[in-house]
Amino acid sequence: MKKFTDHIEINDIAPETKVSLKDRIAVAIILILVGGPCLIIGNKLFFFFVLAVSLITCHEIVQVPNKLKEDKHNKIVYVFSYLMLFVLIFWYFIKNNISILISTGDFKFDLLKSFSEPRVTLSGFCLCAGFFFLMVVIDKKFSIIDAFYFITMLFVISIGLQSFLFLRYLPFNLYNVTFEESDALFKFLQSFGLIAYVVLGTLINDAGAYFVGILFGKNKMTSISPKKTWEGFVGGVIISIIFSFSFCMIFSLCNIPILPFLDLKHWYNVLILSIFIPFIATLGDLVFSSIKRQYGIKDFGTLLKSMGGILDRLDSLLFVGTGVSLILLLMSHNWGILLWEN
């Protein structure tokens with residue numbers, strides 16, 4: 001009787017794939033060295049890290065429509081996009097700290113209350129949509145497709161980045177401690193566990209899908225991203241679920257659960273999130289790939305050379321951050337549909 005492994009065929013790895021693999025590893029090391037300390041230390045350092053990332057991603061998205069045209073858009077589009085993204089991400093932070101300054105006379109640089117949940121104002125949406133629709137009317141070079149592109153990208157990025165600020169500070173809010181009150185164990189490990197769980201679960205899914213795909217992939221998954229295979233997708237999902245679930249359970253076994261409702265007692269919540277992460281990560285990757293195909297580009301930017309720009313590395317994370325934040329809000333309210341009810 002033949003063994004099951006005898007029927008498994010390993011694909012030959014092309015030379016260009018080997019080069020791409022080396023580039024991926026190099027980029028991963030650089031991003032870990034730059035972003036890792038910001039994630040672990042958190043507090044103000046993570047705030048300014050997100051601010052820097054928002055500026056870079058905004059630069060990348062405003063350049064995309066121009067790549068198909070000889071004439072560039074009006075500079076006011078660029079200026080407004082930068083300002084709008086900043087406002088959409090940090091408006092509640094600005095508003096909350098101004099209120100504290102008026103009431104106490106001191107500027108506290110409060111982060112915990114400012115990012116207690118991801119949110120975007122209706123007035124912000126109306127201002128954003130109104131500006132870009134107006135540009136369609138007054139600027140013949142600015143199409144309705146461009147308008148919807150800018151509106152969509154600004155909101156996807158702003159909510160995604162705001163969600164990561166929410167995730168980094170959520171343990172402090174739920175355990176009701178401040179940065180100053182918490183000890184080193186909580187500040188740099190337990191509170192870091194949540195965002196590490198989300199980021200690593202997403203990256204493990206991407207890496208697992210990539211390696212399983214190049215080694216065993218036979219069946220193409222979609223024309224949106226021709227290199228993706230069903231084998232890679234399934235492999236990434238399984239590896240991510242096992243890793244994410246184990247990661248969270250280890251924290252709980254060490255008596256430092258990353259959240260009160262993500263522990264051994266609430267293992268089902270952990271399982272739900274661990275299953276959700278790879279699926280929403282894949283969706284995010286495919287959505288951003290479809291945008292690039294619409295504009296006929298390979299990457300959003302060139303900051304990371306052959307691996308594209310920052311936005312090319314954040315596509316899955318933006319969707320996962322937003323989705324996980326929503327589920328955590330539901331869990332924290334005992335799965336209540338109305339999030340504002342106690």
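Since the structure is predicted, the reported quantities are computational estimates derived from the model, not experimental observations.
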Met84 versus Gly124, closest heavy-atom pair with distance: CE-O, 3.5 Å

Starting from the C-alpha separation in whole Å, work towards a yes-or-no answer on side-chain contact (heavy atoms from CB on, under 4.5 Å) for Ile89 and Leu51. CA-CA 9 Å; Ile89 298 174; Leu51 175 59; over 6 Å; no

Glu231 and Lys218 have their tightest heavy-atom pair at OE1-N, 3.1 Å

Output, in order, the C-alpha distance, side-chain angles, deciding distance and verdict of ring-ring contact (aromatic ring centres under 6.0 Å, His included) for Tyr78 and Tyr82. CA-CA 6 Å; Tyr78 305 148; Tyr82 280 105; 7.9 Å; no

Kindly work out whether a path of hydrophobic side-chain contacts (I/L/V/M/F/W/Y, heavy atoms less than 4.5 Å apart) joins Ile159 to Val53. yes

Ser240 side-chain N/O to Val237 backbone N/O, donor-acceptor pair under 3.5 Å: no

Determine whether a donor-acceptor pair (N or O, by modelled atom type, separation under 3.5 Å) exists between the side chain of Ser244 and the backbone of Ile241. no

Look only at the side chain of Asn74 and the backbone of Val77, and say whether a donor-acceptor pair between them is shorter than 3.5 Å. no

For the side chain of Tyr197 and the backbone of Ser274, is there at least one donor-acceptor N/O pair under 3.5 Å apart? yes

With a 4.5 Å heavy-atom cut-off, do Tyr92 and Glu117 have their side chains touching? no

Kindly check if the number of other-residue, nucleotide or ligand heavy atoms within 6.0 Å of CZ (Phe125) is above 12? no

Does Ile238 belong to the same Ile/Leu/Val/Met/Phe/Trp/Tyr cluster as Leu273, with side-chain heavy atoms less than 4.5 Å apart forming each link? yes

Would you say Trp267 ends up clustered with Ile250 if hydrophobic residues are merged whenever their side chains have heavy atoms under 4.5 Å apart, either directly or through other cluster members? no

For the residue pair Phe93 and Phe90, does the interplanar ring angle fall in the parallel (under 30°), tilted (30 to 60°) or perpendicular (over 60°) class? perpendicular

ring-ring contact (aromatic ring centres under 6.0 Å, His included) between Phe131 and Phe150, intermediate numbers included: CA-CA 10 Å; Phe131 172 83; Phe150 275 100; 9.0 Å; no

Does Leu318 reach the side chain of Phe288, with side-chain heavy atoms less than 4.5 Å apart? yes

Which pair of non-hydrogen atoms, one from Leu328 and one from Leu167, has the smallest distance, and what is that distance? CD1-CD2, 3.5 Å

Donor-acceptor under 3.5 Å (Gln162 side chain, Arg119 main chain): yes

With Phe132 as partner, the option from Phe80, Phe155, Phe148 fulfilling ring pair (Phe, Tyr, Trp, His ring centres under 6.0 Å) is Phe80

Where do Tyr295 and Pro65 come nearest, in terms of heavy atoms and distance? CE2-CA, 3.9 Å

side-chain contact (heavy atoms from CB on, under 4.5 Å) partners for Lys227, two or more places apart: none

Does CG in Asn255 sit with more than 12 non-hydrogen atoms of other residues, nucleotides or ligands closer than 6.0 Å? no

With a 4.0 Å cut-off on N to O distance, would you call Lys141 and Asp146 a salt bridge? no

Leu39 to Arg168 - nearest heavy-atom pair and separation: O-NE, 2.7 Å

Apply ring-ring contact (aromatic ring centres under 6.0 Å, His included) to the pair Tyr175 and Phe186, showing each step before the final yes or no. CA-CA 10 Å; Tyr175 286 108; Phe186 183 88; 5.5 Å; yes

Go through the side-chain N and O atoms of Asp110 and Asn96 and say whether any donor and acceptor fall under 3.5 Å apart. yes

If you count every heavy atom of other residues, nucleotides or ligands that lies below 6.0 Å from Ile76 atom CD1, does the total exceed 12? no

Does Lys228 make a cation-pi contact with Phe233, if we ask for NZ or CZ under 6.0 Å from the ring centre and within 45° of the axis? no

Phe179 and Phe172, any side-chain heavy atoms less than 4.5 Å apart: yes

Is the side chain of Thr229 donor-acceptor paired with the backbone N or O of Lys220 at a distance under 3.5 Å, no angle test? no

Donor-acceptor pair, Glu60 side chain versus Leu311 backbone, under 3.5 Å? yes

Out of the candidates Val320, Ile327, Asp285, only one should pair with Ile280 under the side chain to side chain contact (heavy atoms under 4.5 Å, CB included) rule; please name it. Val320

Would you confirm whether Gln190, through its side chain, and Pro257, through its main-chain N or O, come within 3.5 Å as a donor-acceptor pair? yes

For the CG atom on Leu134, are there more than 12 heavy atoms of other groups (residues, nucleotides or ligands in this structure) within a distance under 6.0 Å? yes

Under a 3.5 Å distance rule, please check whether Thr222 uses its side chain to pair with a backbone N or O of Ser225 as donor and acceptor. no

Closest approach of Phe166 to Ser325 (non-hydrogen atoms, all atoms of both residues): CD2-OG, 3.3 Å

Spell out, yes or no, whether Leu189 and Ile32 are grouped together once hydrophobic residues are joined by side-chain heavy atoms under 4.5 Å, including indirect joins. no

Hey, any chance Met135 and Leu83 share a hydrophobic cluster, counting ILVMFWY side chains that come within less than 4.5 Å of each other, even indirectly? no

Say you draw a straight line from CD1 of Ile145 to OH of Tyr149; how long is it, rounded to the nearest 0.5 Å? 13.0 Å

Got a donor-acceptor contact below 3.5 angstrom from the Asp312 side chain to the Gly309 backbone? yes

